[in-house]
Amino acid sequence: MYSRSLSRPTRRTGLLALVAAVLFTFLLLHSYQHTPPAGQRAGNAAGVASALYSQPDLSGHAIAPRLGNETIKAELGRAAWKVLHTTLARFPEKPTKDESEALRSYIHLFQRLYPCGECAEHFGEVLKQFPPQVDGRNVAAGWGCHVHNVVNKRLKKPQFDCSKIGDFYDCGCADDEKEKKKGT
């Protein structure tokens, strides 16, 4: 009899604990449901993402300080132009809207985060005057060459013939073609 009376309260306590756990779980999960603002409700994944993460100011000030070492500044400039031109040369000829926006954002963030603050500020002025053209590879590569020449003019460097940009900054596409031929 002693064991029987002990088991009933234990069952009740266990059942009560189970009900409490289910209720707690329900309330906890319910509290995490997020109702986006009215402008973001219609299946707008980008709107939900922007509600969760703040978007950077793409046309804001340069973040890095001035870079005083002229040798490092020149090396950095050559490498940066190589990266930028190669990126543009590898961009799709018929990009999706998302791909175009990704490139536009990349160019603006590239400017803001560039390690030479003075250079970044100057390039920001160039971007205000000549916004990135991201409608396709040829347009983007031509834009890249044009803004490079704008910078070269300011630095009193020679202008580049933009009709030869594809030859100068090899996108690596020839290597891709060789691989395709090997695979077939």
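The chain is numbered in sequence order, starting from 1. Hydrogens, waters and symmetry mates play no part in the numbers below; they use all other heavy atoms, side chains included. Given the structure is predicted, the values throughout are model-derived calculations rather than measurements.
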Roughly how far apart are [X] [atom1] and [Y] [atom2], rounded to 0.5 Å?
| X | Y | atom1 | atom2 | answer |
| --- | --- | --- | --- | --- |
| F110 | T87 | CZ | OG1 | 7.5 Å |
| C145 | L84 | SG | CG | 11.0 Å |
| I107 | L58 | CD1 | CG | 11.0 Å |
| R112 | L127 | CZ | CG | 12.0 Å |
| N149 | C162 | CG | SG | 4.5 Å |

Does any non-hydrogen side-chain atom of [Y] lie less than 4.5 Å from one of [X]?
| X | Y | result |
| --- | --- | --- |
| D135 | F91 | no |
| V139 | V134 | no |
| L103 | L88 | yes |
| H108 | P132 | yes |
| Q159 | N152 | yes |
| F123 | C119 | no |
| K94 | R137 | no |

* To do: Check whether the side chains of E93 and N138 place a donor and an acceptor atom closer than 3.5 Å, and report yes or no.
  =>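 The answer is yes; a qualifying pair exists.
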* Between S163 and D161: side-chain donor-acceptor atoms closer than 3.5 Å -> yes
Would you say [X] and [Y] are hydrophobically clustered, going by side-chain heavy atoms of ILVMFWY under 4.5 Å?
| X | Y | result |
| --- | --- | --- |
| L109 | W81 | no |
| V83 | V147 | yes |
| I72 | V151 | yes |

* Report yes if the distance between the aromatic ring centroids of H146 and F130 is under 6.0 Å, otherwise no. => yes
* E99 side-chain N/O to T96 backbone N/O, donor-acceptor pair under 3.5 Å -> yes
* Asked: Has the side chain of Q133 got a donor or acceptor atom that lies under 3.5 Å from a matching backbone atom of W143?
  -> no
* To do: Locate the shortest heavy-atom distance separating P92 from P95; write the atom from each residue and the value.
  => O-CD, 3.5 Å
* To do: Please name the pair of heavy atoms, one in Q111 and one in A120, separated by the smallest distance, quoted to 0.1 Å.
  => NE2-O, 2.8 Å
